[in-house]
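If you scroll down you'll find the structure; I have some questions about it.
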Protein chains: 2
Amino acid sequence: MRELKYAILGLADCSPVTGYDITKCFNASLSKFWDAKHSQIYPELHRLLEEGLVEYQVTIQGEKMEKKVYSITKKGREELLEWLRKDSDIMAVPKDTFRLRLYFGDRLTREELSETLNRQYKKRKSRFIYLESRKQATSEAAQDKSRYQREYMLLCGGILREGAYVKWLEECAEFLGIELED
Amino acid sequence: MRELKYAILGLADCSPVTGYDITKCFNASLSKFWDAKHSQIYPELHRLLEEGLVEYQVTIQGEKMEKKVYSITKKGREELLEWLRKDSDIMAVPKDTFRLRLYFGDRLTREELSETLNRQYKKRKSRFIYLESRKQATSEAAQDKSRYQREYMLLCGGILREGAYVKWLEECAEFLGIELED
DNA sequence: TTCTTCATGTAAACGGTTACATGATTCG
DNA sequence: CGAATCATGTAACCGTTTACATGAAGAA
């Protein structure tokens, strides 16, 4: 529970950050390790501040624009480490609208079902190909820069996940006797 | 949005159901096509009733225990079909606590990281093996009974997903130079 | 008789999204 | 000058979980 807390704490432990930085970081990487909107991040930062896990310094950007740069405190680092050492339960099966549609797919005509399957296949496959293409670039960076190693590992995880989904769709098509367009 | 609505509508379209039946159905199958607690299902059923998508008849179980058996209406079936024909966007990357822990894993000692990885590997692998073992049983049923076909397809999806996760953990171990116990 | 399962609900809290709201800075 | 980006917040709403609450039926 309260996992956003630890995602923020972890980022603040890498280097001092603003709420805006955190938002960008969550949106940026393909290999999303977490996701949150700024409307969730700012209140959480306030809460971490109250709990004494982070502190901030106001910096002036340009003429007068204030930004709050948060750093982790000793107490914050301790709590982060404590959390990192904990056991992770395997996550509940994610809710997947496509899977739900497929489950009740016998109500559709053969053509409709084929369309449903093909549309998903197209999307998943193009995402898979895109991630694969990004792997090469990240792979080289991961060799020397240790900060790219974790990005690389997560990217590999994403590729394997997408690959499994694509393969599943191919299996479904075969099982249902549906032709997949490529 | 409101996907629980369609999960319930779909089940009610298979055969008349009580709220309790729906709850059981969601909890039962390995190849969970959806998940919800009874505290979410009962209010949703009331809402579907108001919208005229389901109707119910009260049945007496035993001496005096009343149960509400819901069936889908014509309007409900139409809305379900309309929804089934829609396109499914690919779901957002699921939030995964283990992935988050791994991302900040450089803060742990080599031994701690090894433990973290091994614990997850053990869980994932045993789940994978369990699902695989269930595949055989379901496979035979899927040959003749059409109602087992969709169960079978979803189970295959689950196996591929778990398999990919296991493979990813193995890749991570190799990348980090960590030995996985089997 | 006691325990499990069947059966139906409500209330509070939580995590997350969407929308509302404001204003400075930088780049073309 | 105008558009994109930087920067920080709040409020309402929605979906979901946990806890509260009750009681009958069936099996051991």
Side-chain angles (χ1 to χ4, degrees), chain A residues 1-9 11-12 16-28 32-51 54 56-70 83 89 91-97 100, chain B residues 1-9 11-12 16-28 32-51 54 56-70 83 89 91-97 100:
Chain A
M1 285 300 124
R2 281 197 68 196
E3 283 142 332
L4 174 61
K5 169 177 169 177
Y6 301 103
I8 291 177
L9 242 32
L11 287 179
V17 279
T18 65
Y20 191 82
D21 291 335
I22 295 166
T23 311
K24 254 198 314 178
C25 195
F26 283 165
N27 293 332
K32 284 191 193 301
F33 65 95
W34 208 253
D35 191 34
K37 319 277 179 197
H38 77 276
S39 55
Q40 202 186 354
I41 291 163
Y42 289 113
E44 186 62 40
L45 276 169
H46 296 330
R47 203 170 160 189
L48 294 176
L49 194 70
E50 268 176 43
E51 295 173 320
V54 295
Y56 73 87
Q57 269 182 289
V58 173
T59 307
I60 304 294
Q61 191 86 343
E63 287 290 285
K64 55 176 169 175
M65 202 177 85
E66 293 187 352
K67 63 175 181 179
K68 295 178 180 172
V69 183
Y70 289 86
W83 180 79
D89 280 328
M91 302 279 92
V93 175
K95 286 179 182 171
D96 180 341
T97 304
L100 186 59
Chain B
M1 287 296 123
R2 283 197 67 197
E3 283 143 332
L4 175 61
K5 169 178 168 176
Y6 301 102
I8 291 177
L9 242 32
L11 287 180
V17 279
T18 65
Y20 191 81
D21 291 335
I22 295 166
T23 311
K24 253 198 316 177
C25 195
F26 283 165
N27 293 333
K32 282 191 194 302
F33 65 95
W34 207 255
D35 191 33
K37 319 277 179 196
H38 76 277
S39 55
Q40 203 186 354
I41 292 163
Y42 289 112
E44 186 62 40
L45 276 170
H46 295 330
R47 204 170 158 189
L48 294 176
L49 195 69
E50 268 176 42
E51 295 173 320
V54 295
Y56 72 88
Q57 269 183 289
V58 174
T59 308
I60 303 294
Q61 190 86 343
E63 287 289 287
K64 54 179 170 173
M65 203 177 85
E66 293 187 355
K67 63 174 179 177
K68 295 178 181 174
V69 184
Y70 289 85
W83 180 80
D89 280 328
M91 304 279 92
V93 175
K95 286 181 181 169
D96 181 339
T97 306
L100 187 59

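Here is how names work: the chains are called A, B, and so on, in the same order as the sequence lines, proteins then strands, and each is numbered from 1.
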Set of side chain to side chain contact (heavy atoms under 4.5 Å, CB included) partners for B:T59, sequence neighbours left out: B:K67, B:V69
Spacing of A:I22 atom CD1 and A:N27 atom CG [to the nearest 0.5 Å]: 12.0 Å
A:T18 side, atom OG1; A:Y56 side, atom OH - distance, nearest 0.5 Å: 13.5 Å
Parallel, tilted or perpendicular: rings of A:F33 and A:F26 (30°, 60°): perpendicular
Length of the line joining B:I60:CD1 and D:dA25:P, which is rounded to integer Å: 9 Å
More than 12 heavy atoms of other groups within 6.0 Å of B:Y42 OH: yes
Chain A footprint on DNA chain C, 5' to 3' - any atom under 4.0 Å from a heavy atom: C:dG15 to C:dT25
Point-to-point distance, once rounded to the nearest 0.5 Å, from OG1 of A:T97 to OH of B:Y6: 11.0 Å
Side chain B:K68, main chain B:G19, donor-acceptor under 3.5 Å: no
Ionic contact status for A:E51 with A:R2, cut-off 4.0 Å: yes
Gap between atom CD of B:E44 and atom CG of B:L48 - 0.5 Å precision: 5.0 Å
Touch class at under 4.0 angstrom, heavy-atom based, for B:H46 against every strand present: sugar-phosphate
Can you tabulate the close N/O pairs, meaning under 3.5 Å, that link protein atoms to atoms of nucleotides 14-18 of chain D?
unit_1: D:dT16; atom_1: OP1; unit_2: A:K95; atom_2: NZ; d: 2.9
unit_1: D:dT16; atom_1: OP2; unit_2: B:Q40; atom_2: NE2; d: 2.5
unit_1: D:dT16; atom_1: O5'; unit_2: B:Q40; atom_2: NE2; d: 3.4
unit_1: D:dT18; atom_1: O4; unit_2: B:S39; atom_2: OG; d: 2.6

Shortest non-hydrogen contact from B:L100 toward A:W83: CD2-CH2, 3.5 Å
Nucleotide N/O to protein N/O under 3.5 Å, stretch nucleotides 4-7 of chain D:
unit_1: D:dC6; atom_1: OP2; unit_2: A:Y20; atom_2: OH; d: 2.5
unit_1: D:dC6; atom_1: O5'; unit_2: A:Y20; atom_2: OH; d: 3.4
unit_1: D:dA7; atom_1: OP1; unit_2: A:Q61; atom_2: NE2; d: 3.3
unit_1: D:dA7; atom_1: OP1; unit_2: A:K67; atom_2: NZ; d: 3.0

Spacing of A:E3 atom CD and B:D96 atom CG [to the nearest 0.5 Å]: 9.0 Å
Side chain to side chain donor-acceptor pair (under 3.5 Å) involving B:Q40 - partner list, sequence neighbours excluded: none
Bend angle of the helix from C:dT1-D:dA28 to C:dG28-D:dC1, end axes from five pairs each (to 10°): 30°
From SG (A:C25) to CD1 (A:I41), nearest 0.5 Å: 9.5 Å
